[in-house]
Number of protein chains: 2
Amino acid sequence: MTSLSLLELRHLRTLAALDETGSVSRAAKRVHLTQSALSHQIKVLQNHYGLPIVRRQGQNIELTEAGKHLVTLARRVLEEIQATERNLAKMSEHASGSLRIVLECHTCFDWLMPLMDAFRQNWPEVELDLVSGFHSDPIQLLEEGGADVVIGSEQVERRGIVHHPLFRFEILAVLAPEHPLRAKKILHARDFDGETLITYPVPEERIDLIRNVLKPAGVQPERRTAELTVAILQLVASRRGIAALPSWGLKNYVEHDYVTARRIGSQGLWSDLYASTLAETAARPYLRDFLVTARNTCFATLDGIIPLEPAEQ
Amino acid sequence: MTSLSLLELRHLRTLAALDETGSVSRAAKRVHLTQSALSHQIKVLQNHYGLPIVRRQGQNIELTEAGKHLVTLARRVLEEIQATERNLAKMSEHASGSLRIVLECHTCFDWLMPLMDAFRQNWPEVELDLVSGFHSDPIQLLEEGGADVVIGSEQVERRGIVHHPLFRFEILAVLAPEHPLRAKKILHARDFDGETLITYPVPEERIDLIRNVLKPAGVQPERRTAELTVAILQLVASRRGIAALPSWGLKNYVEHDYVTARRIGSQGLWSDLYASTLAETAARPYLRDFLVTARNTCFATLDGIIPLEPAEQ
DNA sequence: CATATCAATGAATACGATTCATAAGTCTCT
DNA sequence: AGAGACTTATGAATCGTATTCATTGATATG
């Protein structure tokens, strides 16, 4: 089909990112390019169509009418492409197998559930499971063949294991709205002295706040555990202690004044999330599709997360 | 939307061309690239998906199952893109106006009619017309504002006029199946000596066979005219003379042995078709869309035509 | 008002798609 | 069978252009 169009999928991908982030620089991170690159892309498109596509709105940008047209196109097209690429993947080898997921991070339930539903639809032949219970060395599970993916935040170098970066997120301190510490904009290690820390029932080394902030400062608050995120929040709200949770799940509770969130340290406490697999299973098409849609749905639904550079391979 | 895909629209465009032409080199002409470029593109895609996309079938190629998946994707996507680009075009200026078409070439009716129907649907605001009758200087009509496009085969340099190349086609001699000349594979100028030439009712200079072949050789056969292509074919079939017509319209008649077609000269007699407009109207979005879909539908429906390089601008 | 963060832009760069040159395969015709 | 006219495939060279770099001007925030 002939076409005088200079439009390419790369444009559509950045358009979609622009729409989702509302900012050129955030969109740039999302598509792993510089802000400048996206600015140039936008300019080329606007010249080509003779129409503004984005409008500066204060700090950020906003799509114009024309931009929205292109975004709906982008959505449809990118989805169609992913669908047929899935079909192609199914035609190649390794199109079936198992995807047994180990979660190091309890809060990941939030985004994992809808993701697993979608995946089950797209890959009915793949045996999808969540392997439950606590595991001291989840990576070993991979090597023993007891699991296929570990979702966690530590990136330990080990032969035959590859870590696929998902995203970076901030961990915020969660307080009851009446808590005295609410006065401080930023909490530091010694602010936790004498407080009760409410966490998931996992070893200390697995809790970023303790490992990276409190322990180095020699602060050792009391601990109390709960299995579910809502239970932790409930305890916090009823003034039984402080918690540290990913920012994305807090938004609703904070907005309704159920709890208050505060940054930890002047830079904030950040953690990276990886999906780790055997090098061998990393090549499986359904695994790659799982990772792509995982990132997509996370970016779409989780606020305040930051893309990570894809692993060089 | 994140994507590990290296797929780009350029790939989809060549896929579509590959499917329509069944040959890498013909597809290359269609998308204005070299055969080598397309070969490389195909290889990249096959490596990426780990699947063959085309299969060599003797001289030409054939799409595999995977290739067909991609082609249906390509069709859908490219169509969607054209649709939204039309929408964008309508949002810019010059989105309405008139498109009055002058035909220098009678046979163009064949492909112009469905094209005009499609155009009318897409651009209801544009006043679409076929200006009828014979015009000695159709380009002048453009300058006088009596028409907007001239579709013809001569490319006369004139200030303020731009010629948009459509395609190149071959003109074949058409004989009655029993005609003595059927024995020759190729007809030359002197073969026409003493024959009756059946043409459209236009001046000699407008008839490529006469202007480029017979006149230079000093051959001057009798002439007889008919308005419609079917009428000409009817006269030929009933042995009233020979005609010279574009190859594309002949296929059905030749296959049913209604008439016989022969090449004219060892290289064949070829003619280029252009759409000419004022430079000013060339910028109008609906005109550009008209040209794009004209080329597309011609390539899709007309056999044996060859793309021309787009005019440099 | 200083600082941080944003988008825009021109020039330099680097990457990769395309071309070039060539080889190898396929069909047709004599 | 062999010549010729077609194809497609492939590695190396080239060229175009998308991206980055470096900088500026805007906009918000404390």
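Here is how names work: the chains are called A, B, and so on, in the same order as the sequence lines, proteins then strands, and each is numbered from 1. Because only heavy atoms are used, hydrogens play no part in the values below, and waters and symmetry mates are left out as well, while side chains stay in.
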Is it the case that the base of dA8(C) and the side chain of Q35(A) share a donor-acceptor contact (distance under 3.5 Å, atom types as modelled)? yes

Using a distance-only criterion (donor-acceptor N/O pair, under 3.5 Å, no hydrogens), is the base of dT10(D) paired with the side chain of S36(B)? yes

With a 4.0 Å cutoff (strictly under), does any side-chain N or O of K43(A) reach OP1 or OP2 of dG10(C)? yes

Nearest-angstrom distance from the residue atom NE2 of H48(A) to P of dT17(D): 13 Å

Helical bend (five base pairs per end, nearest 10°) for the helix from dC1(C)-dG30(D) to dT30(C)-dA1(D): 30°

How long is the line joining CZ of R26(B) and C1' of dC6(D), in whole Å? 11 Å

Which whole-number value in Å describes the distance from Q46(A) CD to dA7(C) P? 13 Å

Distance check: side-chain N/O of Q41(B) vs OP1/OP2 of dT18(C), anything under 4.0 Å? yes

Picking from K29(B), R13(B), R75(B), what satisfies salt bridge (Lys or Arg N to Asp or Glu O under 4.0 Å) with E20(B)? R75(B)

What are the two closest heavy atoms between A244(B) and I264(B), and how far apart are they? CB-CD1, 4.3 Å

Checking side chain to side chain donor-acceptor pair (under 3.5 Å) for the pair Q41(B)/T14(B): CA distance, chi angles, key distance, verdict? CA-CA 9 Å; Q41(B) 281 192 6; T14(B) 83; 3.2 Å; yes

Tell me whether the rings of W111(A) and F167(A) are parallel (<30°), tilted (30 to 60°) or perpendicular (>60°). perpendicular

Roughly how many Å is it from CG in L33(B) to C1' in dT8(D), rounded to a whole number? 16 Å

Could you tell me if the side chain of S153(B) sits less than 4.5 Å from the side chain of D208(B), heavy atoms only? yes

Starting from the 5' end of DNA chain D, give me the residue, T34(A) or K29(B), whose nearest nucleotide shows up first. K29(B)

Could you check whether W248(B) and F169(B) have their ring centres less than 6.0 Å apart? yes

Write down the distance between CG (L6(A)) and P (dA18(D)), rounded to a whole number of angstrom. 8 Å

Apply side-chain contact (heavy atoms from CB on, under 4.5 Å) to K68(A) and list each qualifying residue two or more places apart in sequence or on a separate chain. L63(A)

Choosing from dC6(C), dA17(C), dA8(C), which nucleotide comes nearest the side chain of S39(A)? dA8(C)

Using whole Å, report how far CZ of R13(A) lies from P of dA18(D). 15 Å

Is the closest basic N to carboxylate O distance between E170(A) and R263(A) below 4.0 Å? yes

Atom-to-atom span, NZ of K185(B) to C1' of dT28(C) - whole angstrom: 13 Å

For the side chain of R56(B), counting heavy atoms from C-beta on, which of dA18(D), dT7(D), dT18(C) is nearest? dT7(D)

Under 3.5 Å donor-acceptor pair, S25(A) side-chain atoms to dC6(C) base atoms: no

Per atom distances to the Q59(B) side chain, the nearest of dT19(D), dG25(C), dT19(C) is dG25(C)

Using whole Å, report how far CD1 of I42(A) lies from P of dT9(C). 11 Å

Between H40(A) and N60(A), whichever has its closest DNA chain C nucleotide further toward 5' is N60(A)

